[in-house]
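For reference, the structure is listed below as structure tokens.
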Amino acid sequence: MNEKPIAQGRTAEIYAGEAGKILKVYRAGFSREDAAYEANIASKAQEAGIACPRFYEITEFQGRPALVYERIDGPTMAELVLKGPWRIPQLARRMARLHREMHAPIIDADLPSQRDKYTRRIETSGILPADLKKSLLDRLSTLPDDRRLCHGDFHPGNILSPGGRDLTIDWIDCSIGHPLADVARTSILLLGTSATIGNPLIKWVVNWFHGIYIREYFMASEGEMLYRAFLPIVAAARLAEGISELKDWLLAQAYRIKDG
């Protein structure tokens, strides 16, 4: 096996494994329990028939916990967007269809609760005023829950697109919950990115991609009003991630709970 990583991220390094496989090797400070947590999520996604790289097993590499996945050689959807902006309508529609397919099955698995995650993040926020927390949590209590697989970090950078097929990766923020809250999370991710971009052309491209994605998702799904009800809650929960450049924008989105 190649001793040098072929890719690196915040939590792990990726190494080429034996034929057709890669190793996701966790960085120092992560435990086998952390690896087992992701392995459980990857297994459940695979069992549900979700389009994602195949997961094989937990192992170790140089004394660190590692996960063995199917090797997928190809660009991310984000890379395809950057290389060919004229393909945005096609790619955004593909992303919406992939998200709908993910949300289709009802999942009976021991995975984190989306609702508990958002509730905890809002309750423990040091940024949200007490009255705004109450408004957000009161509204969340009136919104429906569900048993769908929700990725929690679904965006073009987490979609591998080799040869015209699309596979979702990076399931560490996965939960069981309502699909429209997951769609709202994707909107907050994309629109938050747009809000921090200074270049007006790139900002327009991100907003264009998002608009097509949303329209395509709701062409075959009802509930756009419910999706909009989730947006302030999801924005408020994202404040817990400590992204300083998004703080004011996210807070403004959270305050929209007062509008309705």
Side-chain angles (χ1 to χ4, degrees), residues 24 37-56 67 69-70 72 74-81 88-118 143-191 193 209-224 226-231 233-234 237-238:
K24 179 177 181 177
Y37 176 81
E38 181 177 345
N40 181 47
I41 292 173
S43 297
K44 297 305 181 185
Q46 189 170 297
E47 290 168 9
I50 305 300
C52 57
R54 182 178 178 184
F55 168 72
Y56 292 101
L67 303 179
Y69 282 102
E70 174 188 8
I72 304 294
T76 66
M77 187 174 284
E79 290 169 334
L80 291 180
V81 167
I88 282 177
Q90 176 199 39
L91 293 171
R93 292 186 186 106
R94 279 167 49 182
M95 187 172 108
R97 291 193 290 269
L98 184 65
H99 214 182
R100 283 204 311 263
E101 290 166 5
M102 179 192 304
H103 294 152
I106 295 175
I107 304 296
D108 183 18
D110 184 20
L111 292 176
S113 161
Q114 178 194 69
R115 175 154 301 203
D116 289 350
K117 178 169 65 174
Y118 288 156
L143 299 179
D145 203 356
D146 209 332
R147 295 288 305 173
R148 311 291 171 153
L149 191 66
C150 297
H151 186 273
D153 197 22
F154 189 77
H155 57 76
N158 276 336
I159 301 170
L160 292 176
S161 299
R165 64 185 183 128
D166 300 312
L167 301 168
T168 306
I169 59 172
D170 198 2
W171 290 85
I172 197 65
D173 288 324
C174 172
S175 62
I176 299 296
H178 202 289
L180 297 187
D182 202 35
V183 176
R185 169 76 176 180
T186 293
S187 286
I188 292 299
L189 293 173
L190 292 176
L191 296 176
T193 296
F209 185 100
H210 172 261
I212 295 170
Y213 155 77
I214 286 295
R215 285 193 295 275
E216 179 69 21
Y217 189 96
F218 285 107
M219 278 185 67
S221 304
E222 297 180 354
E224 192 165 354
L226 179 56
Y227 148 79
R228 295 191 181 282
F230 274 117
L231 284 170
I233 293 161
V234 174
R238 185 156 166 75

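Computation of the quantities below employed the complete heavy-atom set of this structure, encompassing side-chain atoms and omitting hydrogens, waters and symmetry-equivalent molecules.
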Could you tell me which non-hydrogen atom of P162 sits nearest to which non-hydrogen atom of G74, and how far apart they are? CB-CA, 4.1 Å
How about W171 and L149: do any of their side-chain heavy atoms sit closer than 4.5 Å? yes
I'd like to know if R94 pairs up with E216 as an ion pair, taking the criterion as any Lys NZ or Arg NE/NH1/NH2 lying under 4.0 Å from an Asp or Glu carboxylate oxygen. no
CE of M102 to SG of C52, rounded to nearest 0.5 Å, is 8.5 Å
Are E70 and Y56 close enough that some pair of their side-chain heavy atoms sits under 4.5 Å apart? yes
Minimum heavy-atom distance G223-L180, with the two atoms named: O-CD1, 3.1 Å
Test side chain to side chain contact (heavy atoms under 4.5 Å, CB included) on M77 and F209; report intermediate values, then the result. CA-CA 12 Å; M77 187 174 284; F209 185 100; 4.2 Å; yes
If I compare all heavy atoms of A181 with all of V234, which pair ends up nearest, and what's the gap? O-CG2, 3.8 Å
Between Y227 and F218, ring centroids under 6.0 Å: yes
Does the side chain of R148 come within less than 4.5 Å of Q114's, by heavy atoms? no
I'd like to know whether Y213 forms a side chain to side chain contact (heavy atoms under 4.5 Å, CB included) with H99, so could you lay out the CA-CA distance, the side-chain angles of the two residues, the decisive distance to 0.1 Å, and finally the verdict. CA-CA 10 Å; Y213 155 77; H99 214 182; 2.8 Å; yes
Evaluate side chain to side chain contact (heavy atoms under 4.5 Å, CB included) for E101 paired with L98, printing each intermediate quantity in order. CA-CA 5 Å; E101 290 166 5; L98 184 65; 4.3 Å; yes
If we ignore hydrogens and angles and just use 3.5 Å, is the side chain of S113 paired with the main-chain N or O of D116 as donor and acceptor? yes
Distance (rounded to the nearest 0.5 Å) between L191 CG and I214 CD1: 8.0 Å
At their closest point, which heavy atom of G152 faces which heavy atom of D182, and how far apart are they? N-OD1, 3.0 Å
How far apart are the closest heavy atoms of K117 and S175, and which atoms are they? NZ-OG, 4.0 Å
Around atom CZ of R147, are there more than 12 heavy atoms from other residues, nucleotides or ligands closer than 6.0 Å? yes
Side chains of T168 and H151, donor plus acceptor under 3.5 Å: no
How many angstroms lie between SG in C174 and NZ in K44, if you round to the nearest 0.5 Å? 11.5 Å
Presence of salt bridge, E224 and R228, under 4.0 angstrom: yes
Can you find a heavy atom in the side chain of V183 that is under 4.5 Å from one in the side chain of F154? no
Hey, could you give me the CG/CG distance between L160 and L167, rounded to the nearest 0.5 Å? 6.5 Å
One should read off an interatomic distance between H210 NE2 and S187 OG, to the nearest 0.5 angstrom, of 2.5 Å
Would you say the side chain of T76 lies within less than 4.5 Å of the side chain of N158, judging by non-hydrogen atoms? no
Taking the side chain as every heavy atom from C-beta outward, state whether D170 and D153 have any atom pair closer than 4.5 Å. yes
Is there a side-chain hydrogen bond (donor to acceptor under 3.5 Å, both in side chains) between Y217 and H103? Walk through the geometry before answering. CA-CA 11 Å; Y217 189 96; H103 294 152; 2.7 Å; yes
To the nearest 0.5 Å, what is the distance between OH (Y69) and CZ (R54)? 13.0 Å
Spell out, as yes or no, whether a donor-acceptor pair under 3.5 Å connects the side chain of R115 to the backbone of P144. yes
Measuring only between side-chain heavy atoms, which start at C-beta, is M95 closer than 4.5 Å to I159? yes
Which atom of A39 lies closest to which atom of L67, heavy atoms considered: CB-CD2, 4.0 Å
Do D146 and P179 have side chains that approach each other closer than 4.5 Å (heavy atoms only, starting at C-beta)? yes
